[in-house]
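Just so it is clear, the values below take in all heavy atoms, side chains as well, and ignore hydrogens, waters and symmetry mates. First the proteins, then the strands, lettered A, B, ... as listed; each starts at 1.
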Protein chains: 2
Amino acid sequence: MSASVSAKEALLGVISFSPQSGYSIKAEMESGGVSYIWDLSFGSIYPRLKDLEREGLITAVEVRDEGRVRTVYDLTHQGWSSLRRWLAEKPSYPLPLRDELLLRMLFWGTARPDDRQTLIGHLRDRAAKTRELLDRLRTPLDENGATDEFQGLIEEYARMRLKAELEWIDKTITQLQGAPRPPLRDPRGIFPKATERRHAAARAAGKEAGPS
Amino acid sequence: MSASVSAKEALLGVISFSPQSGYSIKAEMESGGVSYIWDLSFGSIYPRLKDLEREGLITAVEVRDEGRVRTVYDLTHQGWSSLRRWLAEKPSYPLPLRDELLLRMLFWGTARPDDRQTLIGHLRDRAAKTRELLDRLRTPLDENGATDEFQGLIEEYARMRLKAELEWIDKTITQLQGAPRPPLRDPRGIFPKATERRHAAARAAGKEAGPS
DNA sequence: TCGCTCATGTAATGCGTTACATGATTGG
DNA sequence: CCAATCATGTAACGCATTACATGAGCGA
């Protein structure tokens, strides 16, 4: 139902800010406002730009700028309408928490029940990186960076999200430093069973290896 | 540096909860606790399970359960250790806001400056889906669902995130219903320039088409 | 018996990353 | 002059999705 994003839309969008080369698009993806929301590697940027040019959505101009030569792309009329149409399309709902740390945490109780320290380490690393991002958000690297009303709202969202995450991490670490707590709900006893299954698998493997 | 997730880890994790078939794994991915964090289609589940079996990380047992035949997988000792090792690996930091709605919003000012209503529609749709999720989180579909300490912490995180998102959407819609605001920062005047570029492209295209 | 859910699978396809290759320019 | 940055590109590869195919039980 709802449409997804291919690299092309992101490229059109970034170029809509100002005419740009593939190289500078990559820079924006790494440190500009887009960097919080999307990313692309050179391996997709350059071929996709060629595609967009062939499709007539952007035009290329070779620019000799202080010795250096860059290929600067700008939107054509078709490019602008294409971007406009895409913006109107219903965005697809994202996996709300797609996150490797949370995925690991989800399985922690079955596979690493007693090792709470490693998880605390993961959480601390996460908090450090998140704090970095928050700082960057407060004092953007790029003093030429522009922010319109919409981007301002997004920045507000980002600040809120990141701060909330830090608070949650704090509370979580505090709890993890305390004593392990029993399951909140376990009608079928799967958690004790998991422990048992793990032990059984270990015994079976030990037996198979045979007594040395 | 930090390792990423392939389907295999997620599969090992889900099986760690209890021995399962490919079909029931898919069900968990769609409505269980994992559904907030990860997803997989049949197209990856079945082939990956075969791989894991060949690698000796899981074992398959044909189960005749009330007429129906299912292939139930469980972790081997090697599967458990493999899962254990993966949990210890440092998770990679995710794009903090990877989100199609936010990506569109980022470009709104350059390409759809005056159409605030469509964006409000996007935001309302988002809020509706998010409210659904929040409800599901409060009253899980699966009455047999189990929640251990770690999963409880994740649920807390999810609740916090979703509630915060709803609040932000409310505030944002309110602001968008008001008058447009000028850019917060625009040292190089890129936003007025973008409007001008868009108009110029339209004029050029009109001219090219020729006067009718 | 007809359609739905359960259940498993495969082939084509899409899409993006990684790794590699190349070369000009600039600053120390 | 040498290393880093600017700048553009391509080929191989990984990995997951989509679409398709198949078949057995179940409930009306």
As a quick check of understanding, evaluate side-chain hydrogen bond (donor to acceptor under 3.5 Å, both in side chains) for Thr172(A) and Tyr157(B), giving each step before the final call. CA-CA 9 Å; Thr172(A) 299; Tyr157(B) 179 67; over 6 Å; no
Is it the case that Ser35(B) and Glu30(B) place a side-chain donor and acceptor less than 3.5 Å from each other? no
Map Val69(B) and Arg48(A) onto DNA chain C by nearest heavy atom, then report which one ends up closer to the 5' terminus. Val69(B)
Distance, rounded to the nearest Å, where Phe42(A) contributes CZ and dT22(C) contributes P: 18 Å
First encountered from the 5' end of DNA chain D, between Gly43(A) and Arg68(A): Arg68(A)
Using the closest heavy atom to pick a nucleotide of DNA chain C for each, name whichever of Asp65(A) or Ser44(A) lands nearer the 5' end. Ser44(A)
Compare the minimum distances between each of dG16(C), dA16(D), dG9(D) and the side chain of Ser6(A), then state the nucleotide with the smallest one. dG16(C)
Any side-chain N or O of Ser21(B) less than 4.0 Å from the OP1 or OP2 oxygen of dC6(C)? no
Expressed as a whole number of angstroms, how long is the span from Lys50(B):NZ to dT10(C):C1'? 12 Å
Integer-rounded Å distance: dC15(D) C1' and Leu40(B) CG: 11 Å
To the nearest angstrom, how far is Glu53(A) atom CD from dG9(D) atom C1'? 14 Å
Quick one: Tyr23(B) OH to dG25(D) C1', roughly how many Å, whole number? 12 Å
Centroid-to-centroid, Phe150(A) to Phe107(B), below 6.0 Å? no
Spacing of Leu49(A) atom CG relative to dA7(D) atom P, expressed in whole Å: 14 Å
Roughly how far apart are Arg198(B) CZ and Ser16(A) OG, rounded to 0.5 Å? 9.5 Å
Nearest-Å distance for atom pair CD/P, residues Gln20(B) and dC6(C): 14 Å
Expressed as a whole number of angstroms, how long is the span from Tyr46(B):OH to dA21(D):P? 18 Å
